[in-house]
Amino acid sequence: MRRRPRVDVHQHVWPASFVDALRARSAAPRLDGWMLHLPGEPPYRVDPADHAIPARTALAVRDGIDLALVSLSSPLGIEELPAVESRPLLDAYHEGALGLPDRFGVWAAAGVAEPDPETLRDVLAAGCVGLQLPATALADPAGFDRCAPLLSELERARKPLFVHPGPASAPGAPAWWPAMVSYVTQMHTAWFAWHEFGARRFSTVRVLFAMLAGLAPLHADRMAVRGGPGAIPGPGVYVETSSYGREVVAAVTASLGEDRVLLGSDRPYARPLVLGGSAGMRLRTDNPARFFANVPAQNPGHAGPAGVARSS
């Protein structure tokens, strides 16, 4: 049988329909040409080559990736907009992303200001591998209450959740601050919030945390000293490696177990971790297949969970 694909679970591509929708807006988040405007942040020039589909396809080939799972850039803040503003952008994202070449799979996106589980059901059925939500939406009990219709739909569809950093305005801070401080804090918070407020409520949802969950898994000793719950991580909880190197990934792997860590790069903003031998095979092939095991396939013409979990 055909071998299982080598998977990168965390990339970003802006398809043309999504770029056009951002350019059609008069308020942030918006694009003026390739200049990105976000609330409370200085304008940022986007490199169009980062979102050129032929170039990104060739880059995946050079990276040794058979299937790159792309998601909405949650730091744009689109999921948190009022529904009347978020829906045209989300529709444009799904339309373009689901039309990408077969080397790409797609994480769905959903508004959290006014959750719409029916639309989520439609895009999951169209081929999305699961749902990405911003960590800022899953930071406390109120966030889980608000996102409950979306998480319940994931349970019904038997598809996983991907938790990704959300908006991070830091006026006056250096350019590296959001990635090093805000995103890490968000992911750290979402890791513990899932185990405290989400895991029992949505017990069958598998969840994947970006960027090693902000290294929250390394705080097990402090958790034990401070009287926190001992059952962390719970079943069905995984992390991906984006932006971290060998030593840190090895430390988290030692804490969580070698079967809970997947390869994620955050392309085009970072390069994928390269590990050879059995360790590289686990990150890129075996663990993605394990994570997506038993996820039903819809729209078999589009890359997705069935391809990830296919036996070799």
Side-chain angles (χ1 to χ4, degrees), residues 7-15 18 29 67-81 86-87 89-98 100 104-113 115-117 119-124 126-139 143-144 146-155 157-168 183 186-187 189-191 193-194 198 202 205-214 236-243 262-267 269 288 291-292 295 302-305 308:
V7 183
D8 181 341
V9 297
H10 181 184
Q11 294 200 12
H12 301 287
V13 175
W14 294 1
F18 180 66
L67 180 61
L69 303 184
V70 301
S71 66
L72 185 70
S73 299
S74 284
L76 297 179
I78 290 169
E79 295 99 324
E80 299 181 2
L81 291 172
S86 67
R87 281 173 185 155
L89 294 167
L90 295 173
D91 288 347
Y93 160 73
H94 290 121
E95 175 188 352
L98 286 168
L100 291 171
F104 299 93
V106 182
W107 289 103
V112 298
D116 181 358
T119 296
L120 175 60
R121 179 175 299 190
D122 290 343
V123 296
L124 291 176
C128 289
V129 302
L131 171 66
Q132 175 186 279
L133 286 176
T136 46
L138 298 172
F144 281 92
R146 187 167 53 252
C147 293
L150 304 174
L151 297 172
S152 295
E153 181 57 32
L154 282 184
E155 282 196 305
R158 293 187 289 132
K159 291 198 174 183
L161 170 68
F162 180 36
V163 182
H164 186 285
Y183 295 171
Q186 290 178 18
M187 295 307 301
T189 301
W191 170 267
W194 171 261
F202 306 102
V205 173
R206 291 191 176 193
V207 57
L208 174 66
F209 287 86
M211 46 181 287
L212 300 178
V237 177
Y238 295 70
V239 299
E240 57 87 355
T241 61
S242 57
S243 300
L262 284 62
L263 177 71
S265 69
D266 199 19
R267 284 280 194 193
Y269 310 112
F291 179 71
F292 286 106
V295 174
H302 196 275
V308 176

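Residue numbers run from 1 in the order of the sequence given.
Heavy-atom minimum distance, Tyr93 versus Leu72: OH-N, 3.4 Å. Looking at every heavy atom in both residues, Ala110 comes nearest to Leu133 through O-CD2, 4.3 Å. Scanning all heavy atoms of the two residues, the minimum distance from Leu150 to Leu131 falls at CB-CD2, 4.0 Å. For the residue pair Ser74 and His164, the shortest heavy atom distance occurs at CB-ND1, 3.9 Å. Considering every non-hydrogen atom in both Val112 and Arg146, the closest pair reads O-CD, 3.1 Å.
Tyr269 is listed as a side-chain neighbour of Ser73, based on a closest heavy-atom distance under 4.5 Å. Looking at heavy atoms from C-beta onward, Leu90 lies out of side-chain contact with Val123 at the 4.5 angstrom threshold. Here the side chains of His94 and Asp122 are not in contact, with every heavy-atom distance at 4.5 Å or above. By the 4.5 Å heavy-atom criterion applied to side chains, Leu81 and Pro29 are counted as neighbours. The closest side-chain heavy-atom distance from Trp194 to Leu138 is not below 4.5 Å.
A search for ring-ring contact (aromatic ring centres under 6.0 Å, His included) contacts involving Tyr238 returns Phe291, not counting sequence neighbours. Evaluation of the side chain to side chain contact (heavy atoms under 4.5 Å, CB included) rule for Arg158 yields Pro296 as partners, not counting sequence neighbours. Arg206 meets the salt bridge (charged side-chain N to carboxylate O under 4.0 Å, His left out) test with no other residue; sequence neighbours excluded. Thr189 pairs by the side chain to side chain contact (heavy atoms under 4.5 Å, CB included) definition with Ala139, Thr185, not counting sequence neighbours. Annotation: side chain to side chain contact (heavy atoms under 4.5 Å, CB included) contacts of Arg121 (sequence neighbours excluded): Glu153, Arg156. Considering only residues two or more places apart in sequence or on other chains, Ala210 meets the side chain to side chain contact (heavy atoms under 4.5 Å, CB included) condition with His10, Phe162, Pro165, Met187, Glu240.
Side-chain atoms of Asp266 never come within 3.5 Å of backbone atoms of Ser242 as a donor-acceptor pair (strictly under, hydrogens ignored). Under the 3.5 Å distance criterion, the side-chain polar atoms of Glu79 are left unmatched by any main-chain donor or acceptor of Ala109. The closest donor-acceptor contact from the side chain of Thr241 to the backbone of Gly264 lies under 3.5 Å.
Trp107 and Phe292 have tilted rings, their planes meeting at an angle from 30° to 60° on a 0 to 90° scale.
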